[in-house]
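Report on the structure given below.
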Amino acid sequence: MDIIDGKELARQIRQQIKKEVETFSRPPGLAVILVGDDPASQVYVKNKTNACVEVGFYSDQIHKSSNITQEELLSEIKRLNENKIIDGILVQLPLPEHINEKAIIEAIIPEKDVDGFSSENIGKLMQNKSFIRPCTPKGIMNMLSTIDIDLNGKDCVVIGASNIVGRPMAMELLNAGATVTICHKLTKNITAKTNNADVVIAAAGVGNLVKKDWVKQNSVVIDVGINRMDDGKIVGDVDFESVKDKVSAISPVPGGVGPMTIATLLENTVIAYKSRV
Ligand code: GUN
């Protein structure tokens with residue numbers, strides 16, 4: 001059984017990017033906007049900023065109060081769209097209820113949309129001619145490329161249909177030649193689907209959801225979950241101990257998908273930078 005070491009793979013990617021950045025005429029610039037004080041978002045934004053600094057990017061961390069208006073946030077994005085030393089703009093999600101998330105995402109020009117969430121970038125992913133691809137699914141494809149699996153014709157099940165992970169993940173797997181099933185809250189008899197899957201991507205946001213009896217012998221399981229349980233412990237969407245002896249490869253939490261999302265954000269910022277210099 002392989003434990004897919006996302007932490008190590010992410011370290012290698014950062015090292016490579018750092019070397020490449022040293023050859024650039026100016027550092028790639030990434031602006032990360034955090035609205036409000038959600039503790040989990042604060043941690044994610046801090047990790048993103050630290051990674052930027054490590055690889056030699058210019059990092060602009062912008063913290064706004066949760067009562068910022070939509071107009072104020074839009075004008076902040078407009079300012080960053082026009083800023084020549086900023087190559088990537090990321091607005092940490094979720095946003096407060098009074099702000100229209102879709103309007104904010106669409107305000108970022110596609111060339112600087114390093115999350116790959118804009119209609120233009122998602123549309124390109126749908127057509128398999130991508131420019132910037134959403135970080136978590138792209139990072140997972142990179143993880144899958146490190147194990148011995150040919151996705152052509154494989155049966156893949158994605159649990160979760162979010163815009164950030166589930167939907168773009170399904171499209172990545174389709175683009176790689178897999179047959180894809182997307183499961184969500186209304187799906188009947190999920191285990192009948194996961195039991196037939198060669199690959200399961202768990203992105204439901206439910207701690208320890210996937211158990212041994214959910215997965216097929218020798219399948220591959222990727223865990224996207226970061227769930228804080230009542231006792232304060234962080235667990236994935238997969239019950240790792242229950243599943244690990246049945247599968248051929250599994251990603252752990254922590255040290256799996258999380259660090260790869262951030263390393264992929266750096267890769268996307270380099271792509272945005274190169275399209276602009
Ligand atoms: N919130 C959770 N994941 C993400 C992500 O990948 N990008 C942004 N902007 N917000 C998130």
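None of these values were measured; they are calculated from a predicted model. As the structure lists them, so they are numbered: ligands from 1, and atoms in each ligand from 1.
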Identify whether [X] and [Y] are in the same connected component of the hydrophobic contact network (ILVMFWY, side-chain heavy atoms under 4.5 Å).
X	Y	value
Ile201	Leu9	yes
Ile159	Val206	yes
Tyr44	Leu93	no
Ile109	Ile86	no

Exercise for the section: May I ask you to check whether Thr136 has an N/O atom sitting below 3.5 Å from an N/O atom of ligand 1? Expected result: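 For ligand 1, there is no N or O atom that lies under 3.5 Å from one belonging to Thr136.
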Handout entry: Between Asn196 and Asp155: side-chain donor-acceptor atoms closer than 3.5 Å
Key = no
Practice task
Decide whether Gln16 and Gln12 meet the rule of one side-chain donor and one side-chain acceptor closer than 3.5 Å.
Solution key: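 The criterion, which ignores hydrogens and geometry beyond distance, is not satisfied for Gln12 and Gln16.
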Identify the protein heavy atom lying closest to [atom], giving its residue, its atom name and the separation to 0.1 Å.
atom	value
atom 3 (N) of ligand 1	Ile164 CG2, 4.0 Å
atom 11 (C) of ligand 1	Gln92 NE2, 3.4 Å
atom 5 (C) of ligand 1	Asp115 OD1, 3.9 Å

Practice task
Pick one of side chain, backbone, both or neither for how Leu90 approaches ligand 1, counting any non-hydrogen atom pair under 4.0 Å.
Solution key: side chain
Exercise for the section: Heavy-atom distances under 4.0 Å are what count here, so tell me which part of Leu265 touches ligand 1: side chain, backbone, both or neither. Expected result: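 The answer is neither; Leu265 stays 4.0 Å or more away.
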Exercise for the section: List every atom of ligand 1 that sits less than 4.0 Å from any heavy atom of Val91, numbering the atoms from 1 in the order shown and giving each element. Expected result: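 Matching atoms, with element in brackets: 8 (C), 9 (N).
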Problem - Best match, Thr261, Leu93, Leu95, Ile226: closest heavy atom to atom 10 (N) of ligand 1 - result: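 Looking at heavy atoms only, the winner is Leu93.
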Handout entry: Sub-4.0 Å heavy-atom approach of Phe117 to ligand 1
Key = yes
Problem - Any Thr146 side-chain heavy atom under 4.5 Å of Ile4 side chain - result: yes
